[in-house]
Amino acid sequence: MNLPPPHRAAVLGLLAALGLGGAAGCSSAADSAPRAAEVRESAPGVSPTPSGIASATPTDVGWVQLMTPMNQQAVKLLTLAAERAAEPRVRAFAVRLRTGHEAELSRLRPLSTRMGLPLTDVHAGHDMPGMVTEQDLEAAHAAEGPALDRLVLARIRDHLRQSAQVSRSEITAGGRADARELARALVTAREGFLAELERLPGAVRALD
């Protein structure tokens with residue numbers, strides 16, 4: 001991750017504690033952080049970390065850097081479902097959920113900027129629980145009819161559950177009020193969408 005070593009280690013520990021997996025991938029990403037960060041740390045009279053990062057806890061950093069790509073990947077699958085799902089109610093659900101996720105991203109990105117975090121996806125290429133993967137997207141593009149609906153419902157259910165779990169950790173352990181406020185809004189939205197998802201046509205077969 002593009003963070004000074006103490007923050008990188010703390011974020012990796014947080015992800016492992018939450019059972020998110022992918023720690024090895026994150027570690028390799030951390031090792032490839034730009035050397036510019038090292039220069040900033042060693043330069044006389046220069047603060048080693050942006051003030052936003054200094055005011056954030058490792059939980060805040062880990063949550064923002066995970067939730068942003070989770071939402072971005074989910075939006076890709078939801079866009080496909082909104083266009084191609086066989087069941088009209090699944091298409092309508094995908095449209096509403098995509099709109100909600102895009103609204104969350106419009107708050108996550110400025111929050112990341114205020115915290116002094118890079119806008120790059122530090123989890124790119126990692127198989128994280130609840131993350132819609134490129135393989136999921138390829139499978140969705142290849143699927144048709146009810147098979148596509150079942151795939152979308154299963155992947156989005158996992159995404160909603162995992163992102164809610166991680167956000168609850170931010171609520172209880174995060175240090176920034178703005179991050180905790182957004183996490184609370186996200187959990188409330190996830191709970192509502194999960195309840196709605198389980199009532200959709202095809203949900204029983206998809207979620208067995």
Side-chain angles (χ1 to χ4, degrees), residues 15-16 18-26 28-29 62-109 112 119-170 182-183 185-208:
L15 296 177
L18 291 176
L20 297 178
C26 286
S28 63
W63 179 73
V64 170
Q65 290 196 317
L66 181 61
M67 284 310 311
T68 301
M70 284 186 77
N71 269 25
Q72 290 171 335
Q73 288 296 104
V75 164
K76 295 178 184 178
L77 182 58
L78 292 167
T79 297
L80 179 64
E83 298 170 351
R84 293 185 44 216
E87 168 58 48
R89 280 178 286 179
V90 174
R91 291 200 301 271
F93 173 80
V95 170
R96 292 194 302 277
L97 185 53
R98 179 183 62 186
T99 299
H101 274 44
E102 288 172 340
E104 290 169 0
L105 284 169
S106 72
R107 298 177 65 183
L108 281 163
R109 289 170 179 141
S112 180
L119 295 179
T120 53
D121 179 5
V122 299
H123 295 295
H126 303 163
D127 186 8
M128 311 292 289
M131 184 84 75
V132 174
T133 66
E134 293 304 317
Q135 290 75 19
D136 292 333
L137 294 172
E138 291 174 5
H141 277 288
E144 296 181 357
L148 172 61
D149 291 13
R150 290 193 296 271
L151 185 154
V152 168
L153 292 175
R155 296 297 179 271
I156 290 300
R157 191 270 303 268
D158 290 345
H159 161 75
L160 292 173
R161 284 184 169 178
Q162 187 66 36
S163 56
Q165 175 185 335
V166 175
S167 296
R168 292 187 187 100
S169 296
E170 167 61 26
L182 179 53
L186 189 146
V187 169
T188 298
R190 295 295 186 273
E191 291 173 345
F193 278 117
L194 276 168
E196 183 179 353
L197 183 151
E198 292 173 2
R199 296 192 297 268
L200 289 172
V204 173
R205 291 184 61 190
L207 306 179
D208 285 343

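Here, residue 1 is the first one in the sequence, and each next residue gets the next number.
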Next on the checklist: side-chain contact (heavy atoms from CB on, under 4.5 Å), that's the test. Do M67 and E170 meet it? Break it down for me.
Outcome noted: CA-CA 11 Å; M67 284 310 311; E170 167 61 26; over 6 Å; no
Item to check | A139 versus L151, closest heavy-atom pair with distance | outcome: CB-CD1, 3.7 Å
Checklist outcome for this item: The reported gap from CG in L66 to CD in Q162 (rounded to nearest 0.5 angstrom) is 8.0 Å
Checklist entry - For R155, does its backbone N or O pair with a side-chain atom of H159 as donor and acceptor, under 3.5 Å? => result no
Item to check | Distance in Å, I156 CD1 paired with L97 CG, rounded so as to fall on 0.5 Å steps | outcome: 6.0 Å
Checklist outcome for this item: Rounding to 0.5 Å, atoms CG (L153) and CZ (R157) come to a distance of 9.5 Å
Checklist entry - A94 and A82: which non-hydrogen atoms are nearest, and at how many Å? => result CB-N, 3.7 Å
Checklist entry - Do you know which two heavy atoms are closest between W63 and S167, and how far apart they sit? => result NE1-OG, 3.0 Å
Checklist entry - With a cut-off of 6.0 Å (strictly less than), are more than 12 heavy atoms of other residues, nucleotides or ligands near CD of E144? => result no
Item to check | With R91 via side-chain hydrogen bond (donor to acceptor under 3.5 Å, both in side chains) - residues at least two apart | outcome: none
Next on the checklist: If you compare all heavy atoms of L77 against all heavy atoms of A140, which two are closest, and at what distance to 0.1 Å?
Outcome noted: CD1-CB, 3.7 Å
Item to check | Intermediate values then yes/no, salt bridge (charged side-chain N to carboxylate O under 4.0 Å, His left out), K76 and E134 | outcome: CA-CA 10 Å; K76 295 178 184 178; E134 293 304 317; 3.8 Å; yes
Checklist entry - Can any side-chain N or O of R84 pair as donor or acceptor with the backbone N or O of A143 at less than 3.5 Å? => result yes
Checklist entry - Given R190 and S163, is the side-chain hydrogen bond (donor to acceptor under 3.5 Å, both in side chains) satisfied, shown in steps? => result CA-CA 8 Å; R190 295 295 186 273; S163 56; 2.7 Å; yes
Checklist entry - Judged by atom type as modelled, is there a donor-acceptor pair below 3.5 Å linking the side chain of R199 to the main-chain atoms of A195? => result yes
Next on the checklist: Nearest 0.5 Å, please: how far is OG1 in T68 from CZ in R109?
Outcome noted: 7.5 Å
Next on the checklist: Rounded at 0.5 Å granularity, tell me how far CD in E102 sits from CG in L105.
Outcome noted: 7.5 Å
Checklist entry - Just by modelled atom types, is the L108 backbone N or O under 3.5 Å from a matching donor or acceptor in the S112 side chain? => result no
Item to check | D149 side-chain N/O to V90 backbone N/O, donor-acceptor pair under 3.5 Å | outcome: no
Checklist entry - Between E104 and N71, which heavy-atom pair has the shortest distance, and what is it? => result OE1-ND2, 2.8 Å
Item to check | Inter-residue atom distance L197.CG - R161.CZ, 0.5 Å rounding | outcome: 9.5 Å
Item to check | Side chain D136, main chain T133, donor-acceptor under 3.5 Å | outcome: yes
Checklist outcome for this item: Residues H141 and L80: closest non-hydrogen pair is N-CD2, 3.7 Å
